There are 2 protein chains.
Amino acid sequence: MRHVDVYRAIADRTRRAILDELVDRSGQSLFEICGRLTMKHGISSSRQAISQHLEVLEAAGLVRTRREGRSKLHWFVGAPLKAIGQRWPDSTDEDTSHSTEEDIEK
Amino acid sequence: MRHVDVYRAIADRTRRAILDELVDRSGQSLFEICGRLTMKHGISSSRQAISQHLEVLEAAGLVRTRREGRSKLHWFVGAPLKAIGQRWPDSTDEDTSHSTEEDIEK
DNA sequence: ATGTTATGCAAGCATAGACTTGCATGTCAA
DNA sequence: TTGACATGCAAGTCTATGCTTGCATAACAT
C-alpha cells in the first residue's frame, strides 16, 4: 500500500464520497462512515470495502486517523489536494512555465 | 468512451505527462507528443497507447482537437480541473458547507 | 496511380484494482 | 471470564483498463 499518489486516491467515486462525508462531519468511525454513505450517498458497499478505501486515502495522506478505544476515528486532510489545483494553468492561459511530473509526484 | 470523469482522466501518470507536454507547447500532433514524451519524460509507449490516452483526455474535456491536413492537433483545456481544487476545503478547515457528488460530477 | 506519412479502429492480453468471504484480533460491558 | 462490538488481515473473484498487434483509412508528394 506504499506509494499511493493523490491522483489515484481520488479517482474512485466512493473514495470521493468518503472525503465529502469526513468534511461534513469530522472524526467519524468506520461504522459511522458506512452508515452515512448508505443513507446520504446511496452507496451500499461492505464494511471491508470502505475500510480498504480508507487505507488508500490514508496512504495518500488525505485522511488522518486516531484509535479511540475500539473505534478508529478519521479526519480529512486537504493539503495534498492543493498541488493538483496548482499544477496546470487556467484554460486559455498559455504560460510557458510548467511543473514537471517529478516536482509534485512522490 | 462516453462519461469519462476528470478524476479518472488524470489518475494515469502518462496522461498527466501529456497534459504537461501540451501546456509546454500547444497544438502538437500525435507524433510530436509521442516524440517529446519519450525525450523529455522518459515514457516509451507506443503511438496507439498515446492515442488512446488522448481519447480519454478529450472525452474528459481536458483536451481540444482540430484536424490539420493529415495531422490532428491537440490543445490543453484546464477548465474542468478547477472544480477539483474547489471541491474540498483547506486542511484544518472544518467548514460545515460542502459540495455533494451530484454538484460536480456529470 | 503509387507510395509514404499520420492517424483510426478493433480484437486480444495481462495487470491492477474494487469487492467479497471467512476468520483473527482487540476492546469494553456485564 | 464471557460475549458482543469494532476493526484488521488474507486469499480469492471479477471487472476495468492500459497496452499491444494487425489492418484500415485518409492526406499529401512524386
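Residue numbers start from 1 in every chain, and the chains themselves are labelled A, B, ... in the order their sequence lines are given, proteins ahead of strands. None of these values were measured; they are calculated from a predicted model.
- The shortest side-chain heavy-atom distance between A:Thr14 and A:Ile50 falls under the 4.5 Å cut-off.
- Remark: P of C:dG17 and CZ of B:Arg13 are 13 Å apart, rounded to the nearest angstrom.
- Between B:Lys72 and C:dG8 there is a side-chain N or O to OP1 or OP2 distance below 4.0 Å.
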- Item | Residue pair B:Leu22, A:Trp88: steps toward the side-chain contact (heavy atoms from CB on, under 4.5 Å) verdict | CA-CA 10 Å; B:Leu22 287 179; A:Trp88 292 286; over 6 Å; no
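- Distance B:Glu58 CD to C:dG8 C1': 13 Å, rounded to the nearest Å.
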- Message: Using the rule given for side-chain contact (heavy atoms from CB on, under 4.5 Å), can you reason through A:Ile84 versus B:Ile10, listing the C-alpha separation, both sets of side-chain angles and the distance that settles it, and then say yes or no?
- Response: CA-CA 10 Å; A:Ile84 301 180; B:Ile10 63 170; 4.3 Å; yes
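- Considering only side-chain N and O atoms, A:Ser51 lies under 4.0 angstrom from the phosphate OP1 or OP2 of D:dG8.
- Side-chain atoms of A:Arg15 and B:Tyr7 include no donor-acceptor pair closer than 3.5 Å.
- Nearest-nucleotide mapping onto DNA chain C: of A:Gln52 and B:Gln52, the residue sitting toward the 5' end is B:Gln52.
- Between D:dT20 and B:Ser46, a contact under 4.0 Å exists linking OP1 or OP2 to a side-chain N or O.
- With C:dT20, D:dG8, C:dT7 as the choices, the nucleotide that has an atom nearest any side-chain atom of A:Leu30 turns out to be D:dG8.
- Rounded to a whole Å, the CD1 atom of A:Ile10 is 15 Å from the P atom of C:dG17.
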- With side-chain contact (heavy atoms from CB on, under 4.5 Å) as the test, would you mind laying out the steps for B:Leu54 and B:Thr65 before giving the verdict? CA-CA 10 Å; B:Leu54 284 167; B:Thr65 65; over 6 Å; no
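- A:Glu68 contributes no side-chain N or O that forms a donor-acceptor pair with the base of C:dT27 under 3.5 Å.
- Rounded to an integer number of Å, the gap from CD of A:Glu32 to P of D:dC5 is 16 Å.
- Listed pair A:Ser45 / C:dA18 fails the phosphate criterion, with no side-chain N or O lying under 4.0 Å from OP1 or OP2.
- Going from atom NE2 of B:His53 over to atom C1' of C:dG8 covers 17 Å, rounded to whole Å.
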What protein N or O atoms touch nucleotides 15-17 of chain D N or O atoms at under 3.5 angstrom, if any, and at what distances?
from   : atom 1 : to     : atom 2 : distance (Å)
D:dT17 : OP1    : B:Arg8 : NE     : 3.4

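- In this structure, B:Ile50 places its CD1 atom 7 Å from P of D:dC19, rounding to the nearest Å.
- Between B:Arg87 and A:Asp20, the closest side-chain pair of non-hydrogen atoms falls below 4.5 Å.
- Here B:Arg67 pairs with nothing under the side chain to side chain donor-acceptor pair (under 3.5 Å) rule; sequence neighbours left out.
- A:Leu30 approaches A:His74 most closely through the heavy-atom pair N-CE1, 3.9 Å.
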Identify the pairs formed between an N or O of the protein and an N or O of nucleotides 22-26 of chain C at a distance under 3.5 Å, and give each distance.
none

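- Residues A:Ala60 and A:Val6 approach most closely at O-CG2, 3.9 Å, considering heavy atoms.
- The shortest non-hydrogen separation linking A:Arg16 to B:Asp5 is NH2-OD2, 4.0 Å.
- Note: NE2 (A:His74) to P (D:dA6) measures 14 Å, nearest angstrom.
- For B:Ile43 and D:dT20, the CD1 to P distance is 12 Å, given to the nearest whole Å.
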